[in-house]
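Note sheet for the following structure.
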Amino acid sequence: MAADPTNPIVDRELRWQAAWKARHLGRAVAQPGRSKFYILFAYPGPSGFQHVGHMRGFTYADMIARYHRMRGEAIFFPGGTHASGLPAITFAAKVARRDPDTVEELHARGLNDADIASLEVPEKAARYLGNEYWDLWERLGLLMDRSTHVTTIDLDYQRFISWQFSTLQRLGKLVQKPYYASYCPVDGPVSVDPSETDLSSGGTAEMVTYTLVPFPLEDGRVLLAATLRPETVYGVTNVWLPPTGHLVEWQHSGQRYLLAPAGAARLCEQAGGTVGPAVDVAALHGKTVTVPLTRESVPILPSSLVEPSVGTGVVMSVPAHAPADWVALQELPESERAPLLPTVRSIIEVPEESLNPADRQSMAGTGFPAQKVAAALKVSGLKDHAALDEATGHLYRLELRSGRMSTGEFRGESVATVREKVARRFFPEGGLEIREFSQKVICRCGREVIIRRVPDQWFLAYGSPEWKSQMLEASKRMHFYPPEYGEELSGIAGWFEDRPAVRRGKWLGTPFPADPSWVIEPIADSTFYPAYYVVRRLVAEGDLTVDDLTPEFFDYVYLGQGAPPTSERKESWERARREFLYWYPVDINLGGKEHKRVHFPVFLYMHTALLPPPLQPRGIFINWWITSYTGEKLSKKDQKGGAVPPVDVALSRYGADGLRLYYALGASPFQDVKWEEDQCQNAHARVEETLELVLQTARGAASSDDPLSLTEHVDRWFSAQLSEVIHGVRDAWDGYDLRSAAQATYVTLPALFRRYRARGGNHLPLLRRAGEAWCRMLVPITPHAAEEASSAFGESGSLASERTFPTGEDFPRHPTAIAFERTLEQAEEDIAALLKVWNAPPRQLTLFVASPWKYRAAELVPASIRQGRLDVKSFIEKARADPLLQAHLPDLARFAGEFKRAEEASAVAGLTPGEEHALFSGARDYLSRRFRIPEILVLTEDDADAGKDPKGRRHRAHPGKPAMLLE
RNA sequence: GCUGGCGUAGCCAAGUCCGGCCAACGGCAACGGACUCAAGAUCCGUUCUCGCAGGAGUUCCCAGGUUCAAAUCCUGGCGCCAGCACCA
């Protein structure tokens, strides 16, 4: 990736990045006796070029790491790429077919045709992209340790994964059982997912599982119907077969079943058995079969509703509850229909009160449920597929959600629970099912993808109650950002089941140690890797070799079992063990919200299985996404509402600091943000402004460690505010409240400096100290600007990034100064309000400070508050006893109500009349400038006479709230 | 359907856990002003309604409820988004 050094922003940032590198700031150095901080983000899969959305989380990780570094902790911030599975293969395939966008990107990055051709090899593509990612991270200013860089297809990583799986197997975390996998007869296992890496069509297909229901004929053969609603067997009136064509015999466990050829072929793949002779359907029409459970005899009838390619091509008819069956029944000739009608019966009831208004409409009228729904949705006949499907789906959901059986042995129980119980009755030795895709799935090779039973699939036993509770137990001791995720996790654990751990087929990954014909799947091999980063660094530095990475080595390093093999390896092995114990556990694992359901739970599962409690992870941080205007997760192709620039373009426009501030300031991390380039532009401008403002404070006095002695009000106020803001920023960082930290540092502080200047403040040593603190506060979010500012202060010997974060302790606090200033601010608001309704340009403003007796009265207010309100009676009592107030009793009654508000101001401020007068007198120039009022007078209520105040406004004055006269 | 999340002024987005300090942080955009020959940048101000005196009225998806007091708590409704299994 070519960064353009002629761009001044880029140039500045490259310079500081080089400086960090020269001082090895990203390098993880264990410092025994000092606390450490291990943070990582879920490594990305090398599936293409990264965009501004990906960088959001990565940048948060760096901000947090940088803050911890400034708290004096040793930092471990590694990174890698996850090439296992399909991403690299997908990318290599795009290169191989010379996808125009991909080729253009590669050319733009300076690759020639030969380079591009080499990327057709997935492993090479993965390594190339991995390096690109790292370059990009460094350009963003992330201070990471590049010696940890690993790709999951590296040999050493595979050694590690191999150990992980042998160990899991030893611990009994792997179990073998049958599994139904999508499978191409030519290419073997394929993945059915919307990205269609393996497919030419059908990526959105879902796997549908039908229950099989046996209907014995008199001759012993069994018609095999397929259904999604086995509980409706109690309402069967007949069996449907296609009008023409043939069925085949399927012989399985000693039975002769009859079903359509497509279904028989599927069952052979999924359950075994063999296909026997064909049988013409016409020979079956009119015969009778026995309904299971009810033992009734019902006829076999032809109907065009049967689709031979779906299910078994045999359908059990339940006219009362299946709209299609009802309609088919109506379309039968009268001679066949008449005898059937009396047998139609409802077997499921939906209580009236569980219907919502829409349901109620569809279930209006009389008749059977299927009849009513078909009528409500205006189903015109069997050919009216759209309406029929809708009617079927509607009734299916309604009865599943709220229906109860009204007949049979499960009478009164809910449909949802009865469904499975009934299915088990048909085949006591274990239910027969047939699985198929909801739409045709075609492999890249052109063959149709089928579902095949894999009898000996290995699973990770996440469903195991002990393992599950171990995992949840560990999660209770963790910190989650946002905290709600902790709660959510126990919900996720509720449905988390065993997951396939390995598979056969073409994808990248580590061979399964127990049987190398399997490859370990990509989630299982990407959740314990934080442990490997520690070792990887030592391999990269040459302290360890790939040959060292034996199972015994990992037992020794991670589990503390065994001993180094030879005396010359002893030291290296021991060092690896020490480093691991130093850096572990993981303090924060950060990832996008897509990882909530799989990656993070498995990350915890793996750690609880393999490591003792003290080494369990301490925290998980989840960031939401940058989305496009349509609310979709952002991708480069989705550019509605404005083009999304590639990261390097965004970097040259807004700088790394601009982007970083955008991420931090735009929204809380726990919220999707719509991509708006204006916001970036603004963030960039704000960085430059802030830098400029900091640089201004650099001029003047030299640095000094002496305590500041402040005598002027504005200086005291400024110092006190700084102390408050800095403490607030520290608190925000401690809670990883990035947005508040950013807002205080880049919005509140600049405003504070401006007001200080506007109020005439110019205490150089104070400004100097404030500027130095500010520089360091800029480091976590905008590190390049921070270095630039810091160097302007002439601080040498160290970089801002290696200093400590300000504590605010060296700014004297003056609580009353803040309250005084607030009094002034309140007066400013009042003046502004007056000016708003004042037409002419103002000539003069007179401020009247309240009479001393009002201050005295205000002091009595707090003692007279009853249930949050001023109790006027007791207030007057108290005043009556005070000599100063006796003369003003009538006024007191009039002002009592208003005192409530005015009291707040003066009680906080602790103002005396003299102080208030001095405060406003001192602010005359400032107010005059700010409001463009030529003349400002400050009088007291008592020393003004009626001639100066004809409307008597001066009597509105309260302590802390002067009366005003605008002329 | 299940599970989770969300609905705040023109747009983005804080606040909601722990009710009052909220006409509601911040940003964008727009408008006015300063500066300028001009534009841009920058700075100041305004942007729910009304008001020639610092005030009043009406707001935080909708409808109820609790409370002296609700964007915030409770009940019901409407609407939007994501994940749902091998896909990292």
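Residue numbering restarts at 1 for every chain, and letters A, B, ... go by the order of the sequence lines.
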Rounded distance (Å) that lies between atom [atom2] of [N] and atom [atom1] of [X]:
X	N	atom1	atom2	result
E594(A)	C81(B)	CD	P	19 Å
I626(A)	A82(B)	CD1	P	17 Å
D737(A)	G15(B)	CG	C1'	12 Å
W507(A)	C87(B)	CH2	C1'	9 Å
K593(A)	U3(B)	NZ	C1'	14 Å
I89(A)	C87(B)	CD1	C1'	14 Å

Classify the ring geometry of H599(A) against Y529(A): parallel below 30°, tilted from 30° to 60°, perpendicular beyond 60°. tilted

With a 4.0 Å limit, can you tell me whether [X] has a side-chain N or O closer than that to the phosphate oxygens OP1/OP2 of [N]?
X	N	value
R503(A)	C87(B)	yes
R930(A)	C44(B)	no
Q671(A)	A14(B)	yes
R754(A)	C43(B)	yes

Expressed as a whole number of Å, how far does the [atom1] atom of [N] sit from that of [M]?
N	M	atom1	value
A29(B)	C11(B)	C1'	8 Å
G51(B)	A34(B)	P	25 Å
C37(B)	U46(B)	C1'	28 Å
G32(B)	C80(B)	C1'	38 Å
A71(B)	A13(B)	C1'	15 Å
A70(B)	C60(B)	P	11 Å

Considering only heavy side-chain atoms of L86(A), the closest of C87(B), G26(B), G54(B) is C87(B)

Ranking C86(B), G54(B), G4(B) by distance to the side chain of A963(A), first place goes to G54(B)

| request: Please examine the side chains of I936(A) and Y926(A), heavy atoms only from C-beta on, and report whether any two atoms are closer than 4.5 Å. | output: no

5'-most contact on RNA chain B (nearest-nucleotide basis), P669(A) vs E484(A), goes to E484(A)

Of I831(A) and W624(A), the one whose nearest nucleotide on RNA chain B sits closer to the 5' end is W624(A)

Honestly, is K177(A) close enough over F459(A), meaning NZ or CZ under 6.0 Å from the six-membered ring centre and within 45° of the axis?
yes

Checking N1-N3 plus N6-O4 or O6-N4 for Watson-Crick, or N1-O2 and O6-N3 for wobble, each under 3.5 Å, the partner of U72(B) is none

Item to complete: Would you confirm whether N589(A), through its side chain, and I620(A), through its main-chain N or O, come within 3.5 Å as a donor-acceptor pair?
Response: no

When R453(A), R504(A), R452(A) are each screened for side chain to side chain donor-acceptor pair (under 3.5 Å) with Y183(A), the one that passes is R452(A)

Scanning both residues in full, the closest heavy-atom pair of F600(A) with G591(A) reads CZ-N, 3.5 Å

